[in-house]
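First the structure, in the form of structure tokens, and then the observations on it.
Residues: numbered from 1 along the sequence shown.
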Amino acid sequence: MNVPSDGGEADRPGADRRPIAARDSGFARRLTGLLLKTSITPNEISLLSIGFAAIGAAALVFATRWPLLYLAAVAGIQLRLLCNLLDGMVAVEGGRGSPVGALYNEFPDRIADTLLIVALGYAAGVGWLGWAGALAAALTAYVRVFGGSLGQAQDFRGPMAKQHRMALMSLACMLALGEALLTTERFVLYSTGWIILAGALFTCWTRTRAIVSRITGAAKP
């Protein structure tokens, strides 16, 4: 299951929201309805996403020794994304938004991204690549939010936005499991780390270019 993410949306109906088809799915609406029967808050769901990311990250690191843990890593990634979807739905559609909801949408996402991408780097045997990818991922969010601070609609475009990074990591874990059954190499994880780094940097450029294009009289970058 590849659940799209919903990060970056403030807890109010008029806020910028990532366009997500899964938000209208019966599964998401039924699960949201079940959550609304409990006392759980959107902010608690956002924090829960960090826990799932930590589980996925730990599984990814140790999967190089016990390959079946790649399946646990995929589960952690997807449950993290499911939390990212449901926190916004409980907040907006469920009317449980809070004044600090925007902070809980952004900060846990940055922590979860860092945990997973840094773990990818160490699992690939190149720790610095994971840290570089995590920094680039954080910069994509910074550029998006900075555009919003200028009064523009927040830009969720890729090619390596959060949902793209997590989808790629999920696929990489499945391929790495197959690779581990055939060889001791970590080519899949290593390549994925570079794709995330390069793709995130390119996403920063595309978003920055879009911001500049909306500013009257600004020179094109």
Side-chain angles (χ1 to χ4, degrees), residues 1-8 18 20 22 27-28 31 35 40 42-90 104-138 140-141 158 160-181 186-197 199-200 203:
M1 176 179 67
N2 185 22
V3 182
S5 59
D6 198 29
R18 188 188 303 273
I20 299 175
F27 169 77
L31 194 49
L35 291 174
I40 195 167
N43 296 344
E44 290 170 344
I45 298 174
S46 297
L47 292 176
L48 187 60
S49 71
I50 298 177
F52 286 127
I55 292 172
L60 182 55
V61 170
F62 288 106
T64 55
R65 185 177 302 177
W66 298 290
L68 286 180
L69 285 177
Y70 282 120
L71 299 178
V74 173
I77 292 169
Q78 294 303 314
L79 288 171
R80 173 260 170 123
L81 292 179
L82 182 60
C83 287
N84 291 161
L85 172 66
L86 294 174
D87 62 357
M89 293 189 69
V90 171
Y104 277 88
N105 270 304
E106 291 295 333
F107 286 13
D109 264 352
R110 306 292 73 78
I111 296 172
D113 264 352
T114 299
L115 287 171
L116 289 167
I117 299 174
V118 168
L120 173 67
Y122 282 106
V126 190
W128 70 265
L129 181 59
W131 285 105
L135 175 59
T140 65
M160 196 55 66
K162 181 178 66 179
Q163 72 273 23
H164 305 139
R165 295 191 296 268
M166 295 301 102
L168 177 61
M169 284 191 64
S170 297
L171 176 61
C173 287
M174 298 304 296
L175 294 177
L177 174 58
E179 183 181 45
L181 299 177
R186 304 180 191 179
F187 178 74
V188 170
L189 299 179
Y190 181 73
S191 300
T192 300
W194 275 108
I195 293 172
I196 288 176
L197 174 58
T203 299

Given the rule in the side chain to side chain contact (heavy atoms under 4.5 Å, CB included) test, do M169 and I117 qualify, once you have shown the distances and angles that lead to the verdict? CA-CA 8 Å; M169 284 191 64; I117 299 174; 4.2 Å; yes

Between I55 and R80, is any pair of side-chain heavy atoms under 4.5 Å apart? no

Side-chain contact test, heavy atoms from C-beta onward, threshold under 4.5 Å: evaluate it for L175 versus L171 and give yes or no. yes

Determine whether the side chains of D109 and N84 contain a donor N or O and an acceptor N or O closer than 3.5 Å. yes

Keeping the roles fixed (side chain from R186, backbone from A123), state whether a donor-acceptor pair exists under 3.5 Å. yes

Under a 4.5 Å cut-off applied to non-hydrogen side-chain atoms, are Y104 and P42 in contact? no

Is there a donor-acceptor pair under 3.5 Å between the side chain of S191 and the backbone N or O of V188? no

With distance as the sole test, does R165 use its side chain to make a donor-acceptor pair with the main-chain N or O of M160 at under 3.5 Å? yes

Start with the C-alpha distance between Y70 and M174, add both sets of side-chain angles, then the distance that settles side chain to side chain contact (heavy atoms under 4.5 Å, CB included), and finish with yes or no. CA-CA 7 Å; Y70 282 120; M174 298 304 296; over 6 Å; no

Could you walk me through whether I196 and L120 pass the side chain to side chain contact (heavy atoms under 4.5 Å, CB included) test, one step at a time? CA-CA 10 Å; I196 288 176; L120 173 67; 3.7 Å; yes

Less than 3.5 Å apart, any donor N or O on the side chain of W131 or Y122 sitting next to an acceptor on the other? yes

Check against side chain to side chain contact (heavy atoms under 4.5 Å, CB included), N105 and D87: CA-CA 8 Å; N105 270 304; D87 62 357; 3.3 Å; yes

